[in-house]
Amino acid sequence: MLVVMHNKATQEEIDNVIRVIEKRGYMARPIPGGERVSIGILHNKGSVDASHFRGLAGVKDVIPVTKPYKLVSREFKPEDTIIRVGESVIGGSGMVMMAGPCAIESETQALTIAGHVKQAGADIFRGGAFKPRTSPYSFQGLGKEGLEILKKVRDETGMPVVTEVMDMGTFDLVEEFADIIQIGTRNMQNFSLLRRAGKAGKPVLLKRGMAATIEEWLMAAEYILEEGNHEVILCERGVRTFVNHSRNTLDISAISVVKKESHLPIIVDPSHAAGIRDQVIPLSLASVAVNAHGLMVEVHHTPDDALSDGAQSLYPEQYEALCRKVAAVHKIFHQ
Ligand code: PEP
Ligand code: MN
């Protein structure tokens with residue numbers, strides 16, 4: 001249930017509605033909007049009687065929310081969520097470009113790639129310090145040393161950094177270094193991690209589980225918002241299907257569905273969807289055409305020697321070409 005306040009409702013009226021909701025044993029969650037405040041009623045078991053709230057001063061309307069996800073839904077908040085990270089704006093009509101290697105391998109590697117992607121037009125640098133690998137024998141990431149390198153990249157280039165958190169034990173550390181905390185596909189339903197992310201003071205990039213429906217994905221985001229962190233960026237990265245011509249299948253239709261269902265920004269990671277670099281540019285352009293809010297792309301200056309995901313990493317020249325094409329496609333749809 002959503003209590004929509006008049007645009008001229010006073011703070012006292014809002015506080016009174018919250019008080020009445022809480023007195024009935026529910027949780028009240030004010031959602032500030034561009035024009036008016038709405039107050040979500042959560043933690044109700046069974047239906048809530050709207051008549052309790054309709055007559056209160058300052059209340060414009062009381063709307064039942066039909067979807068299982070509440071805080072992330074457009075029903076709760078009609079206008080797009082806009083997230084600011086450094087100088088970048090994520091959400092709305094902008095296009096944010098995140099790029100960098102799969103994993104941070106060394107200071108030289110990270111700074112070299114950062115220089116290339118920044119010059120090409122990237123806004124935010126990506127790179128994993130803690131890597132979720134299928135094999136325990138594969139490179140697991142540099143850990144804290146990788147985070148220190150990310151800090152150096154930020155200091156030297158001015159680009160904010162996005163990096164993955166894998167578990168509760170390293171959460172505080174990752175939160176300290178990251179500008180955006182990434183939760184990977186394998187952890188999308190790690191509910192304790194989601195709750196911890198909800199208490200973080202940084203935006204969260206939540207990747208879609210490789211076998212998750214959109215509803216499960218939005219419910220995962222709901223955990224983060226429910227804990228108080230409203231800055232969640234969704235990231236479509238492909239799902240498992242029967243095909244073997246690509247690592248995953250990019251669910252391009254998910255973008256418009258998510259944009260209809262949720263106010264949260266949604267970006268696309270074409271690299272993990274493709275698995276091979278030839279497919280990365282076409283998938284990126286398709287993502288821009290369907291109005292994704294941004295792209296996260298893996299780039300490596302010497303991909304043959306990369307310690308992870310070299311085959312799907314673009315060469316810097318390819319990334320530069322991609323940025324030019326992205327700008328052109330974005331212009332077609334936003335002029
Ligand atoms: C990554 O972005 O480095 C990554 C591991 O992605 P995903 O969780 O989508 O596999
Ligand atoms: Mn990768």
Side-chain angles (χ1 to χ4, degrees), residues 96-105 109-110 113 117 122 124-136 138-143 146-147 149-150 153 161-167 170 174 177-190 193-194 197 203-212 216-217 220-221 232-241 246-252 254-255 258 266-277 279-280 283-284 287 292 294-315 319:
V96 72
M97 297 294 280
M98 305 184 189
C102 178
I104 302 298
E105 299 167 6
Q109 174 249 20
I113 299 170
V117 298
I124 294 173
F125 185 71
R126 66 143 288 147
F130 294 96
K131 294 301 304 174
R133 303 305 301 278
T134 301
S135 166
S138 302
F139 176 60
Q140 306 284 306
L142 294 180
L147 296 175
I149 294 172
L150 282 167
V153 169
V161 297
V162 52
T163 196
E164 179 165 352
V165 67
M166 272 176 52
D167 48 46
T170 52
V174 174
F177 284 87
D179 296 296
I180 302 175
I181 301 163
Q182 178 174 327
I183 295 189
T185 193
R186 294 159 187 82
N187 265 321
M188 189 207 80
Q189 282 190 320
N190 181 336
L193 203 64
L194 296 173
V204 176
L205 181 88
L206 179 64
K207 289 202 157 191
R208 179 180 180 182
M210 62 180 87
E216 287 164 339
W217 188 17
V232 175
I233 305 152
L234 299 166
C235 178
E236 162 64 39
R237 47 80 72 204
V239 289
R240 274 278 167 87
T241 67
S246 57
R247 185 173 174 184
N248 291 283
T249 298
L250 183 66
D251 183 5
I252 204 84
I255 316 308
V258 166
I266 175 164
I267 69 162
V268 171
D269 168 353
S271 307
H272 290 87
I276 17 176
R277 74 175 65 84
Q279 294 176 11
V280 171
L283 291 180
S284 299
S287 306
L295 293 173
M296 182 158 89
V297 176
E298 286 184 345
V299 179
H300 203 292
H301 62 307
T302 52
D304 290 349
D305 300 323
L307 297 180
S308 66
D309 287 349
Q312 69 196 33
S313 300
L314 294 185
Y315 288 96
Y319 185 67

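This chain uses plain numbering: 1 for the first residue, then up along the sequence. Order of listing sets the numbers, starting from 1, for every ligand and every atom in it.
- Shown here are the protein N/O/S atoms lying under 2.8 Å from the Mn ion (ligand 2), water excluded: Cys102 SG, His272 NE2, Glu298 OE2, Asp309 OD2.
- Atoms NZ and CD1, from Lys207 and Ile267 in turn, are 8.0 Å apart once rounded to the nearest 0.5 Å.
- In this structure, atom 4 (C) of ligand 1 lies nearest to the protein heavy atom His272 NE2, 3.5 Å.
- Put simply, the side chain of Glu105 gets close to the backbone of Leu307: a donor and an acceptor are under 3.5 Å apart.
- Of the candidates Lys131, Glu164, Arg208, Met188, Lys131 brings a heavy atom nearest to atom 3 (O) of ligand 1.
- Between Gln109 and His301, the side chains place no donor N or O within less than 3.5 Å of an acceptor N or O (distance only, hydrogens not considered).
- If you check the side chains of His300 and Asp309, you find no donor sitting under 3.5 Å from an acceptor.
- A donor-acceptor distance shorter than 3.5 angstrom exists from the side chain of Asp269 to the backbone of His272, with no hydrogens or angles considered.
- With hydrogens and angles ignored, the 3.5 Å screen pairs no side-chain donor or acceptor of Thr302 with any backbone N or O of Asp304.
- Under the 3.5 Å distance criterion, the side-chain polar atoms of Arg208 are left unmatched by any main-chain donor or acceptor of Cys235.
- For the pair Glu164 and Pro132, the tightest heavy-atom approach, listed with the atom from each and the gap, is OE2-CG, 3.4 Å.
- The nearest protein atom to atom 8 (O) of ligand 1, hydrogens excluded, is given as Thr185 N, 2.8 Å; this is a heavy-atom distance.
- If you check which protein heavy atom lies closest to atom 7 (P) of ligand 1, you get Lys207 NZ, 3.6 Å.
- Only the side chain of Arg186 comes within 4.0 Å of ligand 1, counting heavy atoms alone; its backbone N, CA, C and O stay farther away.
- A donor-acceptor contact shorter than 3.5 Å links the side chain of Thr163 to the backbone of Gly127.
- Remark: ligand 1 atoms within the under-4.0 Å shell around heavy atoms of Gly184 are 8 (O).
- For atom 10 (O) of ligand 1, the closest heavy atom belonging to the protein is Arg237 NH2, 2.9 Å.
- Ligand 1 is never approached by Met210 to a heavy-atom distance shorter than 4.0 Å.
- Side chain to side chain, Arg133 and Gln140 fail the donor-acceptor criterion of an N or O pair below 3.5 Å.
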